[in-house]
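First the proteins, then the strands, lettered A, B, ... as listed; each starts at 1.
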2 protein chains.
Amino acid sequence: MTKRPPITNRVRDYRERHGGLTQAQLGEAVGVTRHTIIAIEQGHYSPSLETAFRIARLFGAGVEDVFGWEG
Amino acid sequence: MTKRPPITNRVRDYRERHGGLTQAQLGEAVGVTRHTIIAIEQGHYSPSLETAFRIARLFGAGVEDVFGWEG
DNA sequence: GCGCGATGTCGAAAATATTTGACATTCACG
DNA sequence: CGTGAATGTCAAATATTTTCGACATCGCGC
């Protein structure tokens with residue numbers, strides 16, 4: 001996982017569709033810092049499954065609604 | 001994520017339902033070692049989203065079919 | 001223009017996931 | 001009984017994720 005992982009994400013979309021939730025607010029709501037949210041949105045690395053679940057559930061969505069696989 | 005993460009998994013079930021795939025074979029098929037498979041099956045830590053996707057897709061399943069959330 | 005909130009970037013530290021190798025256990029089979 | 005395959009465990013090294021702090025930029029209202 002040195003390079004960009006084959007994972008897509010729509011957390012920015014979900015964020016905006018959720019009352020314009022801020023990166024910092026989303027981070028705090030799921031227990032990570034805003035840096036982590038930024039890195040995930042930009043695909044710098046693949047988050048842990050736990051972080052992915054927390055983000056998806058906060059939006060009332062499934063993991064595969066928020067994150068996609070380009071395999 | 002120091003302790004057991006709130007994540008459940010059915011990889012042992014899927015392994016057995018897939019022709020008795022071995023931990024070592026599953027690991028090799030998805031690009032991790034058998035130790036990683038053991039740790040995941042026993043819930044010692046939460047895998048990366050990338051590893052979770054690889055395992056699920058190998059079984060032709062979705063991430064949330066193989067991994068569950070106890071939140 | 002000035003200030004402010006949101007976003008982004010950089011580098012380095014801390015925490016966690018993954019690898020490796022050596023060894024123990026269990027169980028089926030000869 | 002002995003051998004081998006599958007599973008587990010342990011400790012240590014490496015890789016990756018996450019945190020932290022400082023600073024830059026952008027857009028917007030005053």
Side-chain angles (χ1 to χ4, degrees), chain A residues 1-59 61-71, chain B residues 1-59 61-71:
Chain A
M1 312 172 193
T2 282
K3 41 188 72 169
R4 264 185 150 58
I7 289 181
T8 63
N9 78 86
R10 286 160 227 158
V11 345
R12 174 158 296 224
D13 291 343
Y14 273 93
R15 224 165 22 88
E16 285 164 358
R17 273 186 245 137
H18 251 254
L21 206 52
T22 235
Q23 289 174 334
Q25 290 170 332
L26 170 57
E28 186 171 2
V30 301
V32 299
T33 65
R34 70 189 188 90
H35 299 260
T36 302
I37 303 296
I38 291 173
I40 292 173
E41 285 192 1
Q42 297 179 164
H44 288 341
Y45 48 67
S46 112
S48 71
L49 184 55
E50 182 170 349
T51 301
F53 259 117
R54 288 211 159 101
I55 293 174
R57 289 294 125 99
L58 182 82
F59 292 134
V63 168
E64 303 216 23
D65 294 325
V66 180
F67 300 93
W69 181 248
E70 299 175 333
Chain B
M1 312 170 199
T2 282
K3 38 190 74 171
R4 268 188 149 57
I7 288 181
T8 63
N9 77 86
R10 285 156 229 161
V11 344
R12 175 158 296 224
D13 292 342
Y14 273 93
R15 230 172 9 97
E16 286 163 357
R17 273 186 245 138
H18 252 253
L21 204 53
T22 236
Q23 289 175 333
Q25 290 171 331
L26 171 57
E28 186 171 4
V30 301
V32 299
T33 65
R34 70 189 187 86
H35 298 259
T36 302
I37 303 296
I38 291 174
I40 292 173
E41 286 193 358
Q42 297 179 163
H44 288 341
Y45 48 69
S46 113
S48 71
L49 185 56
E50 181 170 350
T51 300
F53 260 116
R54 288 210 158 101
I55 293 174
R57 289 293 125 100
L58 181 82
F59 292 134
V63 168
E64 303 216 24
D65 294 325
V66 181
F67 299 93
W69 180 248
E70 298 175 334

Do any side-chain nitrogens or oxygens of [X] fall under 4.0 Å of OP1 or OP2 in [N]?
X      : N       : result
T22(A) : dT7(C)  : yes
T33(B) : dT19(C) : yes
Q23(B) : dA5(D)  : no
T51(A) : dT18(D) : yes
S48(B) : dT17(D) : no
R12(B) : dA6(D)  : no

[X], nearest nucleotide to its side chain (from [options]):
X      : options                  : result
E41(A) : dT19(D), dG8(C), dG8(D)  : dG8(C)
V32(B) : dG8(C), dT19(C), dT17(D) : dT19(C)
R15(A) : dT7(C), dT18(C), dA22(C) : dT7(C)

How close or far is atom [atom2] of [N] from atom [atom1] of [X], stated in whole angstroms?
X      : N       : atom1 : atom2 : answer
H35(A) : dA13(C) : NE2   : P     : 16 Å
I38(B) : dT9(D)  : CD1   : P     : 8 Å
E28(B) : dT7(D)  : CD    : P     : 14 Å
Q25(B) : dA5(D)  : CD    : C1'   : 11 Å
R54(B) : dT16(D) : CZ    : C1'   : 14 Å
E50(B) : dT18(C) : CD    : C1'   : 12 Å
L49(A) : dA17(C) : CG    : C1'   : 13 Å
L21(A) : dG5(C)  : CG    : C1'   : 14 Å

Per nearest nucleotide of DNA chain C, the residue lying toward the 5' end, Q42(A) or I40(B), is Q42(A)
Assign each of R34(A) and P47(B) the nucleotide of DNA chain C bearing its closest heavy atom; nearer the 5' end lies the nucleotide of R34(A)
- Query: Does the side chain of W69(A) reach to within under 4.5 Å of the side chain of L49(B), using non-hydrogen atoms?
  - Reply: no
Using side-chain heavy atoms (C-beta onward) and a distance below 4.5 Å, is P47(A) in contact with F67(A)? yes
Q: Please check if the side chain of E64(A) supplies one atom and the backbone of V63(B) the other of a donor-acceptor pair under 3.5 Å.
A: yes
Original post:
Between T22(A) and Q25(A), is there a donor-acceptor pair closer than 3.5 Å when you use the side chain of the first and the backbone of the second?
Top reply: no
Contacts of E41(B) meeting side-chain contact (heavy atoms from CB on, under 4.5 Å) (sequence neighbours excluded), chain-then-number -> N9(B), V11(B), R12(B), R15(B), Q23(B), I37(B)
What does G31(A) touch in the nucleic acid at a heavy-atom separation under 4.0 angstrom: a base, only the sugar-phosphate, or nothing?
sugar-phosphate
Here the pair of heavy atoms bringing P5(A) nearest to S46(A) is CG-N, 3.4 Å
Students should find that the end-to-end axis angle of the helix from dG1(C)-dC30(D) to dG30(C)-dC1(D), with five pairs defining each axis and rounding to 10 degrees, is 30°
### Query
Does CD in E28(A) sit with more than 12 non-hydrogen atoms of other residues, nucleotides or ligands closer than 6.0 Å?
no
Between F59(A) and the options L21(A), V30(A), D65(A), the side chain to side chain contact (heavy atoms under 4.5 Å, CB included) test singles out L21(A)
